[in-house]
Every structure is written in C-alpha cells, then in structure tokens.
Trainee: 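Structure incoming, see below.
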Amino acid sequence: MSALRTADVIVVGLGAMGSATCFQLAARGVSVIGVDRHEPPHAYGSTHGDTRITRLAIGEGTEYVPLVRRSHDLWREIEEQAGVQLLTRSGGLVLAHAASPFLEQTRASARRYGIAHENLSSAELVERFPMFLVDEQTEAYYEPEAGYVRPEAAVRAQLELARHHGAQLRLGEHVEEWSASADGVIVRTDRETYAAQQLVLCAGAWIPQLFPEGSDIFAIHRQLLYWFPIREGYRQFRDMPTFIWDFGGEKHGFVHLLGFYGFPAVDGPRGGVKVATESYEHTTTPDGRQHPATRREIDDMYRRYVAPHVPWLAGEPLRTSSCLYTSTRGSRFVIDRHPEHDEVLIVSPCSGHGFKHSTAIGEAVAQWVTGGASDIDLSAFGLAQARR
Ligand SMILES: Cc1cc2nc3c(=O)[nH]c(=O)nc-3n(C[C@H](O)[C@H](O)[C@H](O)COP(=O)(O)OP(=O)(O)OC[C@H]3O[C@@H](n4cnc5c(N)ncnc54)[C@H](O)[C@@H]3O)c2cc1C
C-alpha cells in the first residue's frame, strides 16, 4: 500500500483561479498538491477561447478595481518569469446610450480610481472607430490601458512556474470527495488519497459537486464564442480596441449584459473577429465536452448582433466554441471560507467577468492561506453577499 501523499495545501481545479493560486503558493515556498480532472488548459470549463477582456474601470462595481489593477502588474511579472506575452493593451471601449447603468458605473470607477479615459460622442466614435455602426444616441467610454489577456497561455505559464517552484500537479485526476477535521483535510481522487492542512476549491463550473451546500448560489450557463470572418477592413479590425456594447433594456436575474462584446483580429486576416453575447435561458452541468453553436444560434447571433453593428464581418463563422459561466445573483464573485470548515476556501469568481482578476485572486488566496488575511480586501465576495 502506498504512503499517504501530503502537503501544506491542496488546490482542486487548475484553471484560471487554481493555476494562479498554485503558482502564488509554491512561489512562497508552501508545499502544494494541485489536482485537476482534465489537463489544463482545456476547453471544457471556463478558461479557453484565446482571449479575455481586461479593463481597469470595472462596470460591475468599484470593489473589483483593486483586484484588476494588481492583476495588471502580475501579468507583467508572470510574462517576465515565463517568457510569454499575456496582456495586450489594445485599449477598450464601452458603447451604450447615456442611460446605461454599466456605462455610468464604468465612468464612476474611472473617476474614483483616477483611471485614464476619454468619453466619446457618437460623432467621435464614427470618426475614430468606423468599424462600428452607431446611432446618434450611442456614446462611449474609452480606456487606453484596457485590452485583452490570453487565458490558455496564462494557465500554462502559471502551472509551469508552480511546478518549477515545487508544486506537485496531478492532472487527469478526478477529486471524488473531501473531508475536513481538526487535523486537516483529506482529499480522495479516483487514483489516490491526499492529506493537507488546508484545501482550496477552485472547481469552476463543477463547484456545486464539491460544495453542495452552495448549490443554491451557483447556476451554470452555456455561453458561445463566435469567430466571424472579415469581409473588408482587416487593418482596422487588427488595430481596434476590445469592446463591450451594452444595448440597455431591462436586466434581471443573472443578466449583466444585454448586448455583445468583441476583440481585435488577433489571428491575422483569415482568423476572423471573436464576438460573443451572454445567454441565461437554460442552466446546464459540465460534461467534459464541447457544445458548439447550432445553425439557429449562429443565424441569431449574426442577425441580431453582428450584421446591424459590425457589417464588415461575414455571416458564416470560421468556428464557434462553448464555454461555461458559473453565475451568482448579481454576478458577484465568491471567495470565502467554507461555512463549516475554516481550513477550506471556496474560490468561485466567474459570472463571466473573473478572468481579468485571476492573478490577483491567486495572490490574495495565497496570502489568506499563509497569513490569514489578504492585502486586497475580499470581504465584498462572501457567500452571504452572493446569496442575496
Ligand atoms: C465565454 C466566456 C467569456 C468570458 N469572458 C471574460 C472576459 O472577457 N473577461 C473576464 O475577465 N472574464 C471572462 N470570463 C470569465 C472567466 O473566464 C472565468 O471567471 C474564469 O475563467 C473562471 O476560472 P475558474 O478557475 O473558476 O474555472 P476553470 O478555469 O473552468 O477551472 C476549474 C477547473 O476545475 C477542474 N475541476 C472541476 N472539478 C474537479 C474535480 N472534482 N476534480 C479535479 N478537478 C476538477 C476543472 O477540470 C477545471 O480545470 C468569461 C467566461 C466565459 C465562459
């Protein structure tokens, strides 16, 4: 019989949050076992599809700004250590009518934190960003430091760095159950049993399976990413900022964007432009498979969002990909201790906007685990707030 494998901390799930946490813990000299049922980066959870928007003035609430600011520093540190480019400051736009609460909150965050930005009128938008067809009521917030981050490369880089610092990474291994007591935690997988002092659950869309007490908090929704081909104006698409286009309208439940968003053409003239909207019609469960867009979904995306607003893109996508949101009411993050076990942390920051904060979340969780508190205040992200 093999000896029980032990560490100071076990991290379950090595996607955006788990890879950042493992790296930050291992870099502090903490002994870590990281376990993932797949081989991250992979395309079955929430951290794939080439690009993620990052922006400093957070329209979801000012409490997120310190996390994204710290993440921008950390992307650069990780780039230097790993020798890869992760963050591109392409600039970022939020387009909306003046009444949009998201636009207003974005501007309020920028004012409060002194984030460089410009407010553009409809005429200025047409002149500077002619790839967008806007009406006279549409205006924009432009942030030069915004841009996009590379999710797969970021996960790969942080796992490599974690390994370099001594983390034991167990990939393709499924955590079936865990328990906690005054002596620490025990984690049983389909292959081995591990023991540690603390456990960090970063299981993304699988979190309800490992934390069933929270299954009333989290809802899993399939989202779709589309790469539409460029018919004309490749250079403008290559050089354009990321954008979030808020159409306004009544929002309820999980919805925080009625509109669509997109990225510059990062894969050359034939790679298309990636765009997406948000969908909350049906909940789902992760099954380790891709569920690309159906014919109806493609036609709907092009007709409702792309054709009227970015008509220089053609209607037949080069590819589509499904990706999972783990959402809470109000789209809030959950980063908190387990209600019954102090030595277990639940780290579930998604609701479609977690990636840009992930490196700072990894650092803050590592600080919590090692010192009981983090430099950045995470008290806004408790289980109680997500339940409200
Ligand atoms: C379509 C889409 C677009 C998005 N756009 C943006 C954006 O533009 N900007 C932004 O900031 N954020 C964005 N997000 C959100 C962001 O990508 C997520 O917040 C983030 O990727 C979540 O990371 P995670 O670590 O929680 O989950 P994941 O990266 O999915 O990691 C969870 C991991 O846990 C593993 N796991 C689960 N259960 C077990 C188990 N029992 N045993 C072992 N391993 C297990 C899984 O295999 C997986 O690797 C988007 C998300 C989606 C889906």
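Order of listing sets the numbers, starting from 1, for every ligand and every atom in it.
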Trainee: Any idea which of Val11, Thr47, Val155 brings a heavy atom closest to atom 29 (O) of ligand 1?
Mentor: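 When every heavy atom of Val11, Thr47, Val155 is considered, Thr47 comes closest to atom 29 (O) of ligand 1.
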
Trainee: Is ligand 1 less than 4.0 angstrom away from at least one heavy atom of His357?
Mentor: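 It does not, in that no heavy atom of His357 comes within the 4.0 Å cut-off of ligand 1.
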
Trainee: Nearest non-hydrogen atom to atom 48 (C) of ligand 1 belongs to which of Thr21, Asp36, Ile244, Ile53?
Mentor: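 That would be Asp36.
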
Trainee: Which protein non-hydrogen atom lies closest to atom 41 (N) of ligand 1, naming both residue and atom, and how far is it?
Mentor: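 Result for atom 41 (N) of ligand 1: Val175 O, 3.0 Å.
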
Trainee: Please verify whether a non-hydrogen atom of Ala205 lies at under 4.0 Å from ligand 1.
Mentor: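 Ala205 does not count as a contact of ligand 1 under the 4.0 Å cut-off.
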
Trainee: Looking at Tyr325, does the NZ or CZ of Arg222 lie under 6.0 angstrom from its six-membered ring centre and within 45 degrees of the ring axis?
Mentor: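 Because its charged atom misses either the 6.0 Å distance or the 45° angle limit, Arg222 does not stack over Tyr325.
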
Trainee: Among all protein heavy atoms, pick out the one at the shortest distance from atom 13 (C) of ligand 1; state its residue, atom name and that distance to 0.1 Å.
Mentor: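 Protein heavy atom with the smallest distance to atom 13 (C) of ligand 1: Gly352 O, 3.2 Å.
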
Trainee: To which protein heavy atom is atom 3 (C) of ligand 1 closest, and what is the distance rounded to 0.1 Å?
Mentor: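 Here the nearest protein heavy atom works out to Tyr261 OH, 3.3 Å.
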
Trainee: Looking only at protein heavy atoms, identify the closest one to atom 22 (C) of ligand 1 and say how far it is in Å.
Mentor: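 Residue, atom and distance for the closest contact: Ser46 CB, 3.9 Å.
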
Trainee: Can Ala276 be said to touch ligand 1, with heavy atoms closer than 4.0 Å?
Mentor: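 False for this residue.
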
Trainee: Quick check, are the ring centers of Phe132 and Trp245 under 6.0 angstrom apart?
Mentor: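 Yes.
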
Trainee: Does Trp227 have Arg319 sitting over its ring (NZ/CZ under 6.0 Å from centre, angle to axis within 45°)?
Mentor: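 Pair Arg319/Trp227 counts as cation-pi.
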
Trainee: Of the protein's non-hydrogen atoms, which lies at the shortest distance from atom 24 (P) of ligand 1, and what is that distance?
Mentor: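 I find the closest protein heavy atom is Met17 CG, 3.8 Å.
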
Trainee: Would one find an N or O of Leu210, backbone or side chain, under 3.5 Å from an N or O of ligand 1?
Mentor: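 No: no nitrogen or oxygen of Leu210 is under 3.5 Å from one in ligand 1.
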
Trainee: Do me a favour and list the nearest non-hydrogen protein atom to atom 27 (O) of ligand 1 with residue, atom name and distance?
Mentor: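 Sorting protein heavy atoms by distance from atom 27 (O) of ligand 1 puts Gly204 CA, 3.6 Å first.
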
Trainee: Can you confirm whether Thr284 sits close enough to His221 that some side-chain heavy atom of one is under 4.5 Å from a side-chain heavy atom of the other?
Mentor: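 No, side chains not in contact.
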
Trainee: Any idea how Phe355 and Trp75 line up, ring-wise: parallel (<30°), tilted (30 to 60°), or perpendicular (>60°)?
Mentor: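 Because their plane-to-plane angle is under 30°, the rings of Phe355 and Trp75 count as parallel.
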
Trainee: Is any side-chain heavy atom of Asp246 less than 4.5 Å from a side-chain heavy atom of Leu103?
Mentor: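 Side chain of Asp246 against side chain of Leu103, heavy atoms only: no contact under 4.5 Å found.
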
Trainee: Run Phe260 and Phe243 through ring pair (Phe, Tyr, Trp, His ring centres under 6.0 Å) and show every step you take.
Mentor: CA-CA 8 Å; Phe260 75 126; Phe243 69 91; 5.3 Å; yes

Trainee: Would you confirm whether the ring centroid of Phe247 sits within less than 6.0 angstrom of the ring centroid of His97?
Mentor: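 His97 vs Phe247: aromatic centres not under 6.0 Å.
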
Trainee: Which residue holds the protein heavy atom closest to atom 53 (C) of ligand 1, what is that atom called, and what is the gap in Å?
Mentor: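 The answer is Cys323 SG, 2.6 Å.
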
Trainee: Between Lys356 and Glu145, is there a salt bridge with N-O shorter than 4.0 Å?
Mentor: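 Looking at Glu145 and Lys356, the cut-off is not met.
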
Trainee: So is Tyr44 in contact with ligand 1, going by heavy-atom distances below 4.0 Å?
Mentor: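 Checking ligand 1 against Tyr44, which is what was asked, there is no heavy-atom contact under 4.0 Å.
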
Trainee: At the 4.0 Å heavy-atom cut-off, does Gln209 count as touching ligand 1?
Mentor: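 It does not, in that no heavy atom of Gln209 comes within the 4.0 Å cut-off of ligand 1.
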
Trainee: Which of these, His42, His38, Glu177, Lys356, has its nearest heavy atom closest to atom 11 (O) of ligand 1?
Mentor: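 Going through His42, His38, Glu177, Lys356 one by one, Lys356 has the nearest heavy atom to atom 11 (O) of ligand 1.
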
Trainee: Look at atom 6 (C) of ligand 1 and find which of Arg52, Glu278, Glu60, His221 reaches it with the closest heavy atom.
Mentor: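 It is Arg52 that holds the nearest heavy atom.
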
Trainee: On a heavy-atom basis, I'd like to know which of Gly13, Cys202, Ser321 is closest to atom 32 (C) of ligand 1.
Mentor: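 Shortest heavy-atom distance from atom 32 (C) of ligand 1: Cys202.
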
Trainee: Among all the protein's non-hydrogen atoms, which is closest to atom 39 (C) of ligand 1, and how far away is it?
Mentor: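 Nearest neighbour among protein heavy atoms for atom 39 (C) of ligand 1, to 0.1 Å: Arg37 CD, 3.6 Å.
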
Trainee: Less than 4.0 Å between a side-chain N and a carboxylate O, is that true for Arg163 and Glu160?
Mentor: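 No, this pair does not count.
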
